[in-house]
Amino acid sequence: MSHTVDVVILAAGKGTRMKSALPKVLQRLAGRPLLGHVLDTARGLAARRAVVVTGHGAEQVEAALPALAADLPWQAVRQQPQWGTGHAVQQAMPCLDDEGVTLVLSGDVPLTRPETLAALLSAQASAGPDALALLTVTMAEPHGYGRLVRGADGEVQRIVEEKDATDAERALTEVYSGILAAPTRRLRAWLSRLDNHNAQGEFYLTDVVRHAVADGVPVVAHRIDDALEVAGVNSPAQLAALERALQRRVADALLAQGVRLADPARLDVRGELVCGQDVEIDVNCVFEGRVELGDGVRIGAHCVIANARIEASAVIEPFTHIDGERSGVTVGAHARIGPFARLRPGTRLGPEVHIGNFVEVKNSTLAAGAKANHLAYLGDATVGERVNYGAGSITANYDGASKHRTVIEADVHVGSNCVLVAPVTLGAGGTIGAGSTVTKDTPPGALTVARAKPVTVPNWQRPRKAR
């Protein structure tokens, strides 16, 4: 693709059947707004810029654009009022240079592959510098789409919208996808000749085909077979259908890489999932943000994992929740996590660490071989090698104003039902007796049994029983 491409994204539609206060293009597919997927596609084409045409919910859409467009140069223009697709593209034209090609996309059509659009642009370039190229698809039931009308010689003559079509034209099965590519200077001229003499009283973008034919300009149709690539979203049912289609596409790619999926239909990837060799993933797992699974990792059923790196041969047992947010989570090689465990942001687990059922870890580092096997909390802690952390024990890391760190040095054994009141350091090789409340540093190798003193609460401070 040697020519310069500018992308115009139509994102002004209301989407009344979505029955949502959120603009249609901000509805989420695989954890990302529909418009974000389209901008990702534009980025994949190395577009010079993207011009996003907003309308309904313009403030919300424009507020989302800086995060969605990221490093892609972009500009937003508003279509007020909404007088059709041709009118929408007219609003974008002052932002575009005549030099180059304009590619028109829809903000609610998220599954078009970059390689498909690259092929469309190549078809446009091959047909000549002035050519108009249309992306089309054949549908057995093309309800709602504009039909491509060809002459006896097979040349494209025009596109007719369904409401304006005759019965014979409605019977045609090759439809226009809403995506086209044209030289910007030519497109500008064709748009200036649009009128609204049609059943909907709108300025149709599709009428540029009629003007191109009248000018003797080649009009080419690049036809594809996969209707999902041009499927739009106008209802929750359509959004759900596209979600499953996209997830199946992701699952098929993982299977092709050698990942073992217990059931490809029961997988949700809402971000980027990177897998090594011999990875196994059980049913109903959700992956969000960027997740890396090393060689030989096994993920049990019903896990939710976000923004995490799971190193080689680690096992994540069923019903485990890992969410790294911005800080991330790292699980070391050969570690075993869960079932029913929770790892929160800033958790760093070394090799062969065990985190068992109903254990929560946040902003803590556990060195090789450390174990917290059941019903415990570790927050803002540094845990040494081979530490055994007992059931029911917690780090009391927050004093109501600030968070403090707990240091548990190598080979410490913490008994059950202990409270470690930070800031505190437990010396290497020591033992903390069951039920202890530790408020002071303990020396290496010591046996510490620290009971909290009983406190008498005056009657007036005791909670009253409900009557």
Side-chain angles (χ1 to χ4, degrees), residues 6-18 23-25 51-58 61 75-96 98 102-109 130-136 142-151 156-172 174-217 219 221 230 232-234:
D6 294 316
V7 174
V8 173
I9 301 174
L10 306 186
K14 189 173 183 179
T16 53
R17 283 186 286 162
M18 294 302 299
K24 179 171 66 169
V25 296
V51 180
V52 181
V53 183
T54 64
H56 292 288
V61 175
Q75 185 172 351
V77 297
R78 292 193 183 183
Q79 183 193 18
Q80 296 287 2
Q82 283 78 52
W83 285 342
T85 52
H87 179 250
V89 178
Q90 286 174 346
Q91 311 315 301
M93 296 313 292
C95 303
L96 304 177
D98 278 347
T102 295
L103 176 66
V104 179
L105 305 176
S106 296
D108 65 342
V109 178
D130 292 335
L132 169 64
L134 311 171
L135 187 66
T136 69
H143 176 72
Y145 286 87
R147 309 305 201 273
L148 201 74
V149 179
R150 294 179 180 268
V156 176
Q157 292 185 331
R158 59 193 175 94
I159 296 171
V160 59
E161 297 293 342
E162 187 168 70
K163 290 185 178 180
D164 300 293
T166 64
D167 289 343
E169 289 168 340
R170 289 194 186 96
L172 298 173
E174 186 181 7
V175 303
Y176 169 59
S177 67
I179 297 172
L180 62 77
T184 303
R185 61 182 179 81
R186 281 288 195 176
L187 182 60
R188 194 186 308 276
W190 296 329
L191 288 169
S192 69
R193 291 154 62 183
L194 296 182
D195 60 56
N196 63 349
H197 303 152
N198 50 63
Q200 299 186 76
E202 294 184 349
F203 296 90
Y204 292 159
L205 178 61
T206 49
D207 282 346
V208 302
V209 176
R210 175 164 50 87
H211 295 308
V213 170
D215 289 348
V217 168
V219 179
V230 298
V233 174
N234 290 299

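The model shown is predicted, which means the values in this text are computed figures rather than measured ones.
- Taking OG1 of T206 as the start and OH of Y176 as the end, the distance is 7.5 Å to the nearest 0.5 Å.
- Considering only residues two or more places apart in sequence or on other chains, W190 meets the ring-ring contact (aromatic ring centres under 6.0 Å, His included) condition with none of them.
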Test side chain to side chain contact (heavy atoms under 4.5 Å, CB included) on L194 and H211; report intermediate values, then the result.
CA-CA 9 Å; L194 296 182; H211 295 308; 4.1 Å; yes

Given I159 and L134, is the side chain to side chain contact (heavy atoms under 4.5 Å, CB included) satisfied, shown in steps?
CA-CA 10 Å; I159 296 171; L134 311 171; 3.8 Å; yes

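- V217 places a side-chain heavy atom less than 4.5 Å from the side chain of R186.
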Under the criterion side chain to side chain contact (heavy atoms under 4.5 Å, CB included), I'd like the reasoning laid out for D6 against V51: C-alpha separation, chi angles, the key distance, then a yes or no.
CA-CA 8 Å; D6 294 316; V51 180; over 6 Å; no

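- Between H87 and P81, the shortest heavy-atom contact is CE1-O, 3.2 Å.
- With a 4.5 Å cut-off on side-chain heavy atoms, I9 and V25 do not count as touching.
- Taking CG of D130 as the reference point, atom CG of L187 lies at 12.5 Å (rounded to 0.5 Å).
- Distance check, rounded to the nearest 0.5 Å: CG of L10 to CD of Q91 gives 11.0 Å.
- Rounded to the nearest 0.5 angstrom, E169 CD and L148 CG are separated by 11.0 Å.
- Residues satisfying the side-chain hydrogen bond (donor to acceptor under 3.5 Å, both in side chains) test with S106, not counting sequence neighbours, are none.
- Remark: E174 CD to R150 CZ distance equals 4.0 Å, nearest 0.5 Å.
- The minimum heavy-atom distance linking P23 with H56 is given by the pair CB-O, 4.2 Å.
- Of all the heavy atoms in T136 and A221, the pair that sits closest is CG2-CB, 3.9 Å.
- Considering only heavy atoms from C-beta on, V209 comes within 4.5 Å of L132 through its side chain.
- Side-chain contact check for V156 versus V213: every heavy-atom pair is 4.5 Å or farther apart.
- Here the straight-line distance linking atom CG of D195 with atom CG of D207 works out to 6.5 Å at 0.5 Å rounding.
- For G55 against Q82, the heavy-atom pair with the smallest separation is CA-NE2, 3.4 Å.
- Judged as a side-chain hydrogen bond (donor to acceptor under 3.5 Å, both in side chains), and not counting sequence neighbours, the contacts of Q200 are Y204.
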List the steps and the verdict of side chain to side chain contact (heavy atoms under 4.5 Å, CB included) for V53 and V89.
CA-CA 8 Å; V53 183; V89 178; over 6 Å; no

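- At least one donor-acceptor pair under 3.5 Å links the side chain of D164 to the backbone N or O of A199.
- Side-chain contact between M18 and V233 is present, with heavy atoms from C-beta onward closer than 4.5 Å.
- A heavy-atom distance below 4.5 Å is found between the side chains of M93 and T184.
- Here the side chains of R210 and R193 are not in contact, with every heavy-atom distance at 4.5 Å or above.
- Side-chain contact between L191 and V208: present, with at least one pair of heavy atoms (C-beta onward) separated by less than 4.5 Å.
- Between R147 and E162 there is a salt bridge, with a side-chain nitrogen of the basic residue lying less than 4.0 Å from a carboxylate oxygen of the acidic one.
- Remark: side-chain polar atoms of Q79 are paired, donor with acceptor, to backbone N or O of G84 under 3.5 angstrom.
- The shortest non-hydrogen separation linking A92 to L96 is O-CG, 3.7 Å.
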